[in-house]
Amino acid sequence: MKSPKCMELEGEVKSLIKVWISIIASLCYCYLISSKIPKGVYRFLSLIPILYLFTFLPLQLSSVLQTGVTSFFITWLTNFKLLLFTFDLGPLSSNPPKSLPLFLSFACLPIRLSQTQTNPSKLHFILPIKALLFGLLLMGLNDHKQKLSPIVILGLYCTFVYLLVDVVLGLCNIVINVTLGIELELPSHKPYFSTSLRDFWGRRWNLMVSDLLRHTVYIPVRSLLSKTILGPQWASMSGIMVSFLMSGLMHELLFYYVARATPTWEVTCFFLLHGVCVVVEFCLMKWLGQKWRLHWAVSGPMTVMFVIASAAWLFFPPLLRYGTDERCIKEFNDAVHCIMEKYVRSY
């Protein structure tokens, strides 16, 4: 006899399968029909139903991790890729056209072709270690959270987010590398070694998102405003601020899917704060020059501590306020319990 926890988990898995069947079918439509329509307004009109569907599909799920991952992949990344595809830009457009498996992979997974020589075996080796640390962290929080200080807990949550993003995105990279044999960009590049906020957001953390925001927001805004009285420099800074604003709004949407609570706009403020700091950092470096640049041993810890402190102030409170962290830990423990129960029953 299955426990109620396992029956609930099975129901959520069935909902997840239905959602992803809808996603695959919709992307087949994009490949077989929308790609044959000339780029521009008419292709955009053909994609509107898909963009609408991908915005509401995560509401069919209730699990924190499944909802969060699906909404991040589809509502944010895939919708942005489809917007680029409207103008024959981005990872979904190529000449000659991609095969259907490649199109589906690049459309619904957070992957991109590597621009440099990568070492897939390194990812294969590191990913299980990060996955193990992720599981141990969740179990440790479940058993000892009441004994830890709030500062330690927030530090662990920062580690948790880093491991979660790297494990999920790294797993996608490994699956595509093994099945299709193509080299992909690593999801992150040691963000804990960042020496500035520009380095953290632009070259180290969640590179897939940085690349998409660069092409869907930053470059169009900069190109548009460069033709006005603002000039190239102010246009670039405006592009940075609009990119961070868009990132904040998309995170607000993801948090809404997970918590199902009215946005408080703290997360948007977090990204706007970092946008302002990146612009100030850029202006100071240009004004002072390279000779006044701080040594990496000083700027590195300052950058990481600023990211952690600002996340504790603005990023995590909306999730903690509605018990999203507790739900995530409980769901993980329930999944482990059901797997163990099934394993014991089979023997």
Side-chain angles (χ1 to χ4, degrees), residues 68 72 76 110 126 130 133-134 137-138 141 148-170 185-214 217-218 237 239-255 258 263-285 293-321 324-325 328:
F72 173 58
W76 186 350
I126 294 177
K130 290 183 176 180
L133 288 174
F134 176 78
L137 178 60
L138 273 180
L141 282 172
L148 301 174
S149 69
I151 295 177
V152 173
I153 291 174
L154 286 170
L156 290 173
Y157 280 155
C158 289
T159 307
F160 171 77
V161 170
Y162 162 67
L163 291 173
L164 175 63
V165 171
D166 251 30
V167 168
V168 173
L169 273 60
E185 197 77 54
L186 293 176
S188 298
H189 181 56
K190 300 177 181 176
Y192 40 82
F193 285 151
S194 301
T195 56
S196 67
L197 288 175
R198 289 179 68 201
D199 185 36
F200 178 84
W201 291 111
R203 293 184 287 268
R204 291 189 179 273
W205 174 247
N206 210 342
L207 299 176
M208 180 73 241
V209 170
S210 298
D211 185 65
L212 268 182
L213 286 173
R214 185 177 298 112
V217 181
Y218 174 75
M237 289 188 281
I240 291 171
M241 288 304 303
V242 176
S243 298
F244 275 94
L245 172 62
M246 180 60 69
S247 181
L249 293 175
M250 292 309 300
H251 277 84
E252 292 282 2
L253 182 60
L254 300 189
F255 280 25
V258 170
T264 59
W265 308 112
E266 290 163 279
V267 181
T268 302
C269 291
F270 169 81
F271 283 97
L272 285 176
L273 171 65
H274 279 257
V276 170
C277 291
V278 167
V279 169
V280 170
E281 188 180 81
F282 172 78
C283 293
L284 284 175
M285 290 178 66
R293 190 168 184 174
L294 292 173
H295 192 273
W296 64 266
V298 177
S299 62
M302 285 177 60
T303 300
V304 174
M305 288 307 298
F306 179 77
V307 172
I308 293 174
S310 57
W313 177 32
L314 294 169
F315 187 85
F316 288 111
L319 294 175
L320 304 181
R321 190 175 298 124
T324 309
D325 58 326
C328 184

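Residue numbers count from 1 along this sequence.
Nearest heavy atom pair, residue P191 against residue V304, reads O-CG2, 4.4 Å. The minimum heavy-atom distance linking L197 with C277 is given by the pair CD1-CB, 3.4 Å. Contact record, G202 with L207: O-CD2, 4.4 Å, taken as the closest heavy-atom pair. Considering every non-hydrogen atom in both W205 and V161, the closest pair reads CH2-O, 4.2 Å. Between K190 and R204, the shortest heavy-atom contact is O-NH1, 3.2 Å. The two residues R203 and H189 have their closest heavy-atom pair at O-CB, 3.9 Å.
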### Task
Would you sort out whether L249 and W265 count as a side-chain contact (heavy atoms from CB on, under 4.5 Å), showing the intermediate values?
CA-CA 8 Å; L249 293 175; W265 308 112; 3.9 Å; yes

### Message
Could you walk me through whether V217 and L245 satisfy the side-chain contact (heavy atoms from CB on, under 4.5 Å) test, starting with their C-alpha distance in whole Å, then the side-chain angles of each, then the deciding distance to 0.1 Å, before giving a yes or no?
### Response
CA-CA 10 Å; V217 181; L245 172 62; over 6 Å; no

Under 3.5 Å, which donor-acceptor pairs do the side chains of residues 310-319 form with other protein atoms, sequence neighbours left out?
{"from": "S310", "atom 1": "OG", "to": "H274", "atom 2": "NE2", "distance (Å)": "2.8"}
{"from": "S310", "atom 1": "OG", "to": "F306", "atom 2": "O", "distance (Å)": "2.7"}
{"from": "S310", "atom 1": "OG", "to": "V307", "atom 2": "O", "distance (Å)": "3.1"}

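If you take OG on S188 and CE on M208, they are separated by 12.0 Å, rounding to the nearest 0.5 Å. From L254, atom CG reaches atom CH2 of W76 across 6.5 Å, with rounding to the nearest 0.5 Å. Between the CZ atom of R214 and the CG atom of L212 there is a distance of 10.0 Å, given to the nearest 0.5 Å. The line from OG1 of T159 to CG of L154 is 11.0 Å long, rounded to the nearest 0.5 Å. In this structure, the separation between NZ on K130 and CG on L164 is 12.0 Å, given to the nearest 0.5 Å. Between atom CG of residue L273 and atom CZ of residue F244 there is a gap of 10.0 Å, rounded to the nearest 0.5 Å.
The number of heavy atoms from other shown groups lying within 6.0 Å of CE (M241) is above 12.
Formation of a donor-acceptor pair under 3.5 Å by the S247 side chain with backbone atoms of S243 is not found in this model.
Residues L213 and Y218 are not in side-chain contact: their nearest non-hydrogen atoms beyond the backbone lie 4.5 Å or more apart. Within the 4.5 Å cutoff, the side chain of Y157 has heavy atoms near those of the L320 side chain. Under the 4.5 Å side-chain criterion, counting only non-hydrogen atoms from C-beta, M250 is not in contact with V209. At a threshold of 4.5 Å between non-hydrogen side-chain atoms, the residues N206 and F72 count as touching.
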